[in-house]
Engineer: 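I'd like to ask you about the structure that follows.
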Amino acid sequence: MPAPHHQSPATITELQETLADWFERTARPLPWRAPDRTPWGVLVSEVMSQQTPVARVAPVWLEWMDRWPSPAAFAAASTADVLRAWGRLGYPRRALRLQECAQAVVERHGGEVPEDEALLLALPGVGAYTAAAVMAFAFGRRSVVVDTNVRRVLARTVGGDALPMPALTAAESARAARLAPVADDDAALWAASSMELGAVVCTARAPACDRCPVSHLCAWRAAGYPPDEHAGRRRTQTWKGTDRQARGTVMGALRASHGPVARRVLDDLWPDAAQLSRCLGSLVEDGLVEQVTGDGAVADAAYQLPGGAGAQD
DNA sequence: GAGGCGTGGCT
DNA sequence: TAGCCAAGCCT
């Protein structure tokens, strides 16, 4: 069943052209949008921005690109340095995958980010969104970029709904593909401008419709702002006492330490010993942590970031 | 396809 | 206050 489509082709065209003009006037000067940007810089920014607000990404990205300006430079870094540079961006497995990605770019593509969506998609840590985003934002090529911002903007302006479904549906993907302009530069600008609208105006909590350049075209507004039909069906994420919190606590301690951290130190940070053991095991399994001593005796074990104590504070 | 996976700001 | 939310990916 196709998603409801409340807009005429002429309205879609006006939506695209209005957003393009608005974007070119008001786009945020994000560092990875600078004229001297590189495909590698764009790819790094996209991976860092997966589930992390861009305001937190920007300073890390600047340091990162200064230190490792190319895939080849980054591919040779130590895991401990990579994880410390990643800092508190969250989901540190992304940092490991980004390095695997750099290594794959060197091995498969001679150190150059490929201008090919299928080859991008085959890289570690690169999914449908990131591959499409790199095609559009690094190469100016047509692609169908569907992130949480685009989903919300299309749900409102075209679908007339307050919010999209909790998970991406086939109907949504089909609608996004249908709406993407044919020409490379038009499609790339549409991807950037529809994302930007969702990020700075058409936000989830408090959309700024009074500042929206396309409010006069918006199907949700025309329908009288009906409330979210799926309210309550969105599962709330528990946090306190979870393995995720325990893993984050361990990673924070290891990032902050020059040398190995003893198990008894970690015991003081996380009192549930069984859960701590389980999480240390999963962190080692993930390649985020290395056990350096212990010889099987839990009480004598110590842990560090893989590859050594690190070269900086 | 549902669930796991960090972190911090905002309401 | 305690959820909700943020340029997803992988299994």
Side-chain angles (χ1 to χ4, degrees), chain A residues 23 27-28 30-33 41-61 83 86-98 100-101 120-138 143-153 162-170 173 176 188 191-200 202-208 228 230-255 270 278-279 282-283 285-289:
Chain A
F23 181 81
R28 296 166 294 171
L30 300 175
W32 45 89
R33 287 176 174 170
V42 172
L43 176 49
V44 170
S45 80
E46 293 303 337
V47 173
M48 287 183 173
S49 299
Q50 291 165 3
Q51 300 284 282
T52 300
V54 297
R56 218 181 307 166
V57 167
V60 177
W61 184 89
L83 291 173
W86 192 259
R88 308 188 68 78
L89 289 181
Y91 294 141
R93 292 189 297 189
R94 287 183 297 160
L96 300 185
R97 299 220 173 90
L98 185 57
E100 294 166 14
C101 175
L120 288 166
L121 195 53
L123 296 170
V126 176
Y129 162 75
T130 301
V134 170
M135 287 301 286
F137 307 146
S143 65
V144 181
V145 173
V146 184
D147 77 326
T148 187
N149 291 305
V150 171
R151 293 186 64 211
R152 188 173 53 251
V153 165
L163 291 171
M165 301 279 284
L168 181 67
T169 65
S173 297
S193 60
S194 55
M195 272 184 67
E196 185 84 351
L197 188 75
V200 306
C202 193
T203 57
R205 295 280 189 87
D228 178 22
H230 326 98
R233 263 192 265 171
R234 300 163 194 280
R235 63 184 168 77
T236 77
Q237 193 133 230
T238 58
W239 174 249
K240 274 192 70 165
T242 60
D243 283 9
R244 290 164 80 170
Q245 187 186 20
R247 285 165 56 105
T249 300
V250 170
M251 291 301 293
L254 299 198
R255 279 197 306 268
W270 196 265
R278 178 172 73 246
C279 289
S282 71
L283 287 167
E285 184 78 11
D286 287 346
L288 289 164
V289 167

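Naming: A, B, ... by sequence-line order, numbering from 1 per chain.
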Engineer: With a cut-off of less than 4.0 Å, is there a side-chain N or O of Gln50(A) near OP1 or OP2 of dG8(C)?
Structural biologist: no
Engineer: With rounding to the closest Å, how many angstrom separate the C1' atoms on dT11(B) and dA7(C)?
Structural biologist: 22 Å
Engineer: Is any side-chain heavy atom of Phe137(A) closer than 4.5 Å to one of Met195(A)?
Structural biologist: yes
Engineer: Is dA6(C) syn or is it anti, if syn means the base angle is within 90 degrees of 0?
Structural biologist: anti
Engineer: Side chain of Arg56(A) only, please: which of dC5(B), dT7(B), dA7(C) is the nearest?
Structural biologist: dT7(B)
Engineer: If you check every side-chain atom of Arg93(A), which of dG8(C), dC5(B), dA7(C) has the closest atom?
Structural biologist: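 From the listed options, dC5(B) comes nearest.
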Engineer: Could you tell me if the side chain of Val60(A) sits less than 4.5 Å from the side chain of Arg88(A), heavy atoms only?
Structural biologist: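 When only atoms from C-beta onward are counted, Val60(A) and Arg88(A) do not touch, as no gap falls below 4.5 Å.
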Engineer: For Arg205(A) and for Asp147(A), find the nucleotide of DNA chain C with the closest heavy atom, then tell me which residue's nucleotide is more 5'.
Structural biologist: Arg205(A)
Engineer: Starting at CG of Leu43(A), measure out to CD of Glu46(A) and round the result to the nearest 0.5 Å.
Structural biologist: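 Leu43(A) CG to Glu46(A) CD: 8.0 Å, rounded to 0.5 Å.
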Engineer: Mind checking whether Val150(A) and Val153(A) have side chains closer than 4.5 Å, heavy atoms only?
Structural biologist: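 No - every pair of side-chain heavy atoms lies 4.5 Å or more apart.
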Engineer: Counting any heavy atom closer than 4.0 Å, what does Leu43(A) reach on the DNA or RNA strands: base, sugar-phosphate only, or nothing?
Structural biologist: nothing
Engineer: Do Val250(A) and Cys279(A) have side chains that approach each other closer than 4.5 Å (heavy atoms only, starting at C-beta)?
Structural biologist: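 Of all side-chain heavy-atom pairs linking Cys279(A) with Val250(A), none is under 4.5 Å.
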Engineer: Say whether, by atom type as modelled, one donor and one acceptor occur between the side chain of Arg93(A) and the main chain of Gly125(A) under 3.5 angstrom.
Structural biologist: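 Flag not set: sc Arg93(A) to bb Gly125(A) has no pair under 3.5 Å.
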Engineer: Starting from Watson-Crick (N1-N3 plus N6-O4 or O6-N4) and G-U wobble pairs under 3.5 Å, report the runs of at least three that DNA chain C belongs to.
Structural biologist: B:2-5 with C:8-11, B:7-11 with C:2-6
Engineer: Between dA7(C), dC5(C), dC5(B), spot the one nearest the side chain of Ala204(A), thanks.
Structural biologist: dC5(C)
Engineer: Using a heavy-atom distance cut-off of less than 4.0 Å, which residues of residues 121-129 of chain A contact DNA chain B?
Structural biologist: none
Engineer: Please tell me which of Arg97(A) and Val54(A) maps to the more 5' nucleotide of DNA chain C, matching each residue to the nucleotide holding its nearest heavy atom.
Structural biologist: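 Closest to the 5' end, via its nearest nucleotide, is Val54(A).
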Engineer: Roughly how far apart, to the nearest Å, are dA6(C) and dG1(B) at atom C1'?
Structural biologist: 23 Å
Engineer: With rounding to the closest Å, how many angstrom separate the P atoms on dG8(B) and dC9(C)?
Structural biologist: 23 Å
Engineer: Hey, is the side chain of Thr130(A) poking within less than 4.0 Å of OP1 or OP2 on dC9(C), counting only N and O atoms?
Structural biologist: yes
Engineer: When you measure from the side chain of Pro92(A), which nucleotide among dG6(B), dC5(B), dG8(C) comes out closest?
Structural biologist: dG6(B)
